[in-house]
Amino acid sequence: MKIYNTLSGQKEEFLPRGDEVKMYVCGVTPYDNCHIGHAMSYIIFDVIRRYLQFRGYEVKYVQNITDIDDKIIDRANQLSIPPRELAEKYINSYFEDIDGLNIGRADIYPRATGEVPKIIEVIQGLIDKGYAYPAGGSVYFRVRSDPDYGKLSHRSLESMIAMECAVGGDEKEHPMDFALWKAAKPGEPSWQSPWGNGRPGWHIECSAMSLKYLGDTLDIHGGGQDLIFPHHENEIAQSESFTGVKPFVKYWLHNGLLQLGEEKMSKSLGNLITIKEALEKYSPDAIRIFILSSHYRSPLTYSEEALEAAERGADRLCQAAYSQGGGEKSEESVDVESYQQRFAAVMDDDFNTPQALAALFDLARDINRANEAGLGAVEAQKVLLELAGILGLDLKPTWKLVRPVGITSAEEFGVPTIIQTSGEIGSEEYIENLIRQRDKYRQAKQWQLADEIRAKLVEMGIALEDTPQGTVWKQKR
RNA sequence: GGCGACGUAGCCAAGUGGUUAAGGCGGGGGUCUGCAAAACCCUUAUUCAGCGGUUCGAAUCCGCUCGUCGCCUCCA
């Protein structure tokens with residue numbers, strides 16, 4: 001298996017250090033609802049984890065929650081609620097979102113506020129070794145003490161300072177030095193430390209948590225490309241300086257960013273579509289297909305059109321997974337092995353999900369073809385579901401079958417122009433009664449009346465399909 | 001200003017030196033169907049932003065031009 005490593009800028013053979021793959025992905029700062037840019041990142045790493053497991057690896061997956069930072073404090077103050085309450089609310093919202101998108105949960109979700117002792121331990125260690133210094137109640141990392149600083153983002157300290165963006169902090173020795181610990185301001189939540197009351201800086205929690213839960217070296221560390229600098233660069237500096245062990249991370253993986261229109265979708269720009277909004281309009285499978293149909297390292301632009309295309313694609317896969325063959329011949333006619341191999345081969349090449357999806361669509365066509373010819377495709381359908389499952393696609397059947405009814409008396413067509421049915425309007429009972437009524441008209445070859453009912457159902461957003469087994473229907477999204 | 005990515009059919013999007021340029025959506029024609037729907041079959045890029053170069057051979061490598069985007073500040 002080959003994986004593209006941001007650190008080397010190349011695809012590398014994937015060789016985890018132990019039996020268990022140690023995987024860490026940067027999580028959310030819960031001060032607002034997540035948008036589909038976040039969904040993109042978490043879906044991609046969910047697929048990577050599922051695929052590793054499929055390939056037989058044990059995976060230990062840790063994802064942090066930054067439940068204390070400037071934005072949480074600001075927003076909480078605006079709303080006049082405690083920061084903890086705000087964070088709690090959006091952590092719950094986050095879990096609803098990932099569950100809704102069929103994203104598997106990480107094994108551990110450590111929270112910054114729950115890891116303060118470990119954070120203090122790491123900071124103290126860095127001070128002791130001369131990599132950090134306290135100043136004015138805060139503690140800063142001394143970037144000049146790390147000769148490797150800039151190796152992930154491929155830039156030099158000189159080039160960073162060249163842009164006179166060196167902001168603030170007269171107390172810092174070097175403009176690029178960054179905070180490990182922030183001195184408490186009045187009214188902010190704070191913790192006691194050897195340097196006075198304060199709270200953790202942004203980058204230090206990830207170092208502390210990954211060291212604590214996964215050890216000195218991780219196999220995979222993931223996140224969006226916007227985290228490469230400064231966040232991940234700083235994590236490397238902190239972790240490698242603290243442990244003296246290199247590398248901190250064997251494979252750095254970064255996903256491309258979701259664009260909305262001409263710009264990156266982001267909370268600060270406010271140009272976003274939340275996961276909840278997306279899930280109201282589209283199925284989880286459609287959202288996943290949309291995201292996985294482009295390579296994870298490429299940027300992707302959100303559009304309604306693309307999501308709708310993905311929705312139809314999801315329908316197509318689902319249809320193929322559950323369609324019934326007409327024939328008696330049970331002999332398997334699809335070469336499932338070639339599809340399994342093709343799927344694995346493209347996923348082995350830096351998780352080429354667009355190619356993996358292409359394989360699934362080809363397999364779906366083969367299944368339909370077999371069914372059309374009355375040949376067996378049961379095994380192929382199982383394989384389709386299995387491979388789709390690696391991409392986190394559920395392919396849940398949405399069609400419901402209504403069996404045909406016989407005509408019991410001619411009177412049933414006595415007052416044919418009035419569509420009447422029992423059950424609460426819009427309920428399943430109501431819909432299925434209408435379908436049975438239409439069925440009777442069809443058997444009596446009263447096409448116009450039958451079509452009238454179908455038109456009424458279509459108006460209600462119900463799609464009908466007449467099959468040899470009966471009429472199936474579903475609510476269109 | 002520095003670093004990086006990208007520009008492939010109506011739309012989305014793979015492919016990165018050599019047989020017919022994946023796949024999805026959409027469009028057109030057909031089969032099936034009472035009609036539909038779904039499905040299946042055929043079809044939809046002689047060509048990969050433009051211009052040069054390297055090569056027996058390039059969408060794929062190199063240079064330049066144009067255009068778009070990301071990072072360098074909080075961000076998945």
Side-chain angles (χ1 to χ4, degrees), chain A residues 6 9 25-29 31 34-45 63 66 69-71 74 150 153-156 158-168 176 202 222-231 233 254-259 262-269 289-290 292-295 297-301 303 305-317 319-320 323 342 346 349 352-362 364-365 367-373 399 442 445-448 450-451 454-455 458 463-467 471-474:
Chain A
T6 306
V25 173
C26 283
V28 289
T29 301
Y31 71 94
C34 289
H35 56 73
I36 48 183
H38 298 106
M40 177 169 173
S41 189
Y42 299 124
I43 286 170
I44 284 161
F45 288 106
Q63 192 177 111
T66 307
D69 96 327
D70 294 348
K71 291 213 171 115
D74 289 350
S153 49
H154 303 109
R155 49 187 87 162
S156 64
E158 293 70 50
S159 71
M160 294 179 205
I161 316 164
M163 232 9 219
E164 68 267 37
C165 60
V167 214
M176 295 310 293
W202 174 36
Q225 279 170 352
D226 51 355
L227 295 180
I228 295 172
F229 191 90
H231 187 53
E233 194 69 62
H254 292 99
N255 61 274
L257 302 176
L258 190 72
Q259 312 274 128
E262 301 292 276
E263 284 171 310
K264 178 179 79 169
M265 187 178 287
S266 82
K267 287 193 211 173
S268 31
L269 291 170
I289 287 173
F290 163 67
L292 298 173
S293 66
S294 112
H295 188 85
R297 282 191 278 116
S298 305
L300 179 62
T301 303
S303 76
E305 214 182 352
L307 262 301
E308 268 151 34
E311 191 75 75
R312 306 230 169 78
D315 280 347
R316 194 171 141 72
L317 291 178
Q319 192 91 23
S323 60
R342 178 173 155 201
V346 296
D349 183 15
N352 194 329
T353 55
Q355 295 277 21
L357 279 171
L360 295 191
F361 281 108
D362 283 344
R365 171 170 291 116
I367 290 168
N368 290 331
R369 228 178 250 170
N371 280 155
E372 191 97 348
W399 294 93
R442 289 180 64 223
K445 300 200 191 302
Q446 302 262 4
W447 307 124
Q448 210 180 326
D451 291 351
R454 183 169 61 195
V458 166
L464 293 190
E465 206 177 296
D466 298 324
T467 75
T471 299
V472 296
W473 66 275
K474 73 169 172 180

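In the text below, chain A, chain B and the rest are named by the order of the sequence lines, each starting its count at 1.
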Item to complete: Consider only side-chain N and O atoms of A:Ser323 and A:Asn371, and report whether a donor and an acceptor are under 3.5 Å apart.
Response: yes
Between [atom2] on [N] and [atom1] on [X], what's the gap in Å once rounded to a whole number?
| X | N | atom1 | atom2 | value |
| --- | --- | --- | --- | --- |
| A:Asn368 | B:rA39 | CG | C1' | 6 Å |
| A:Arg155 | B:rG2 | CZ | C1' | 9 Å |
| A:Asn255 | B:rG4 | CG | C1' | 16 Å |
| A:Arg312 | B:rA37 | CZ | P | 13 Å |
| A:Lys474 | B:rA38 | NZ | C1' | 9 Å |
| A:Ile44 | B:rA76 | CD1 | C1' | 9 Å |
| A:Phe229 | B:rC74 | CZ | C1' | 13 Å |
| A:His154 | B:rC3 | NE2 | P | 13 Å |

Reckon [X] has a side-chain N or O less than 4.0 Å from the OP1 or OP2 of [N]?
| X | N | answer |
| --- | --- | --- |
| A:Arg442 | B:rU33 | no |
| A:Arg454 | B:rC35 | no |
| A:Asn352 | B:rG15 | yes |

Which whole number of Å gives the distance between the [atom1] atom of [N] and that of [M]?
| N | M | atom1 | value |
| --- | --- | --- | --- |
| B:rC61 | B:rG17 | C1' | 8 Å |
| B:rU65 | B:rG26 | P | 42 Å |
| B:rU31 | B:rU19 | P | 37 Å |
| B:rC12 | B:rG7 | C1' | 14 Å |
| B:rA14 | B:rA9 | C1' | 14 Å |
| B:rG10 | B:rU46 | P | 9 Å |
| B:rU60 | B:rG50 | P | 10 Å |
| B:rA76 | B:rC71 | P | 12 Å |

Look at all strands and tell whether [X] reaches a base, only sugar-phosphate, or nothing, counting heavy atoms closer than 4.0 Å.
| X | value |
| --- | --- |
| A:Asp315 | nothing |
| A:Gln225 | nothing |
| A:His38 | base |
| A:Gly222 | nothing |
| A:His35 | base |
| A:Leu227 | sugar-phosphate |

Can you identify which nucleotide, out of [options], has its nearest atom closest to the [X] side chain?
| X | options | answer |
| --- | --- | --- |
| A:Leu258 | B:rA38, B:rA22, B:rA76 | B:rA76 |
| A:Asp451 | B:rG23, B:rG70, B:rG34 | B:rG34 |
| A:Met40 | B:rA22, B:rA76, B:rC74 | B:rA76 |
| A:Asp362 | B:rG24, B:rU73, B:rG23 | B:rG23 |
| A:Pro354 | B:rA13, B:rU73, B:rA39 | B:rA13 |

Can you tell me how far [atom2] of [Y] sits from [atom1] of [X], rounded to the nearest 0.5 angstrom?
| X | Y | atom1 | atom2 | answer |
| --- | --- | --- | --- | --- |
| A:Ile44 | A:Asn255 | CD1 | CG | 4.5 Å |
| A:Trp447 | A:Arg442 | CH2 | CZ | 6.0 Å |
| A:Leu300 | A:Leu257 | CG | CG | 10.5 Å |

Discussion item. Using 30° and 60° as the class boundaries, would you call the ring planes of A:His35 and A:His38 parallel, tilted or perpendicular?
Written reply: tilted
Hey, does the side-chain of [X] have a donor or acceptor N/O within less than 3.5 Å of a partner on the base of [N]?
| X | N | answer |
| --- | --- | --- |
| A:Arg365 | B:rC40 | no |
| A:Asp226 | B:rG70 | no |
| A:Asp466 | B:rC35 | yes |

Fill in: Along RNA chain B (nearest heavy atom to each residue), the more 5'-positioned of A:Ala309 and A:Gly37
A:Ala309
Item to complete: Between A:Thr29 and A:Leu464, just flag the one whose closest nucleotide in RNA chain B comes earlier from the 5' side.
Response: A:Leu464
Worksheet item: Can you give the dot-bracket line for RNA chain B, where a pair is Watson-Crick or G-U wobble with both atom distances under 3.5 Å, crossing pairs use [ ], and | marks a partner on another strand?
Response: ((((((((.[[[..)..(....]]]((((((.......))))))....[[[[[..)....]]]]])))))))....
Check for a donor-acceptor pair, side chain of [X] on one end and backbone N or O of [Y] on the other, with a separation under 3.5 Å.
| X | Y | value |
| --- | --- | --- |
| A:Ser293 | A:Phe290 | yes |
| A:Glu233 | A:Ser153 | yes |
| A:Gln355 | A:Arg342 | no |

Please write out each protein N/O paired with an N/O of nucleotides 5-12 of chain B under 3.5 Å, distance rounded to 0.1 Å.
unit_1, atom_1, unit_2, atom_2, d
B:rC11, O2', A:Glu305, OE1, 3.4

Practice prompt. Go through the structure and list residues passing ring pair (Phe, Tyr, Trp, His ring centres under 6.0 Å) with A:His295, not counting sequence neighbours.
Written response: none
Item to complete: Return the set of residues passing ring pair (Phe, Tyr, Trp, His ring centres under 6.0 Å) with A:Phe45 (not counting sequence neighbours), or none when no residue passes.
Response: none
Fill in: A:Thr66: side chain to side chain donor-acceptor pair (under 3.5 Å) partners, not counting sequence neighbours
A:Asn64, A:Glu205
Worksheet item: Residues two or more places apart in sequence or in another chain: which of them pass side chain to side chain donor-acceptor pair (under 3.5 Å) with A:Glu311?
Response: A:Ser283
Worksheet entry | N-O pairing of A:Asp451 and A:Arg454 below 4.0 Å | yes
Worksheet item: For A:Trp447 and B:rG34, is the gap between ring centres under 5.5 Å while the planes differ by less than 30°?
Response: yes
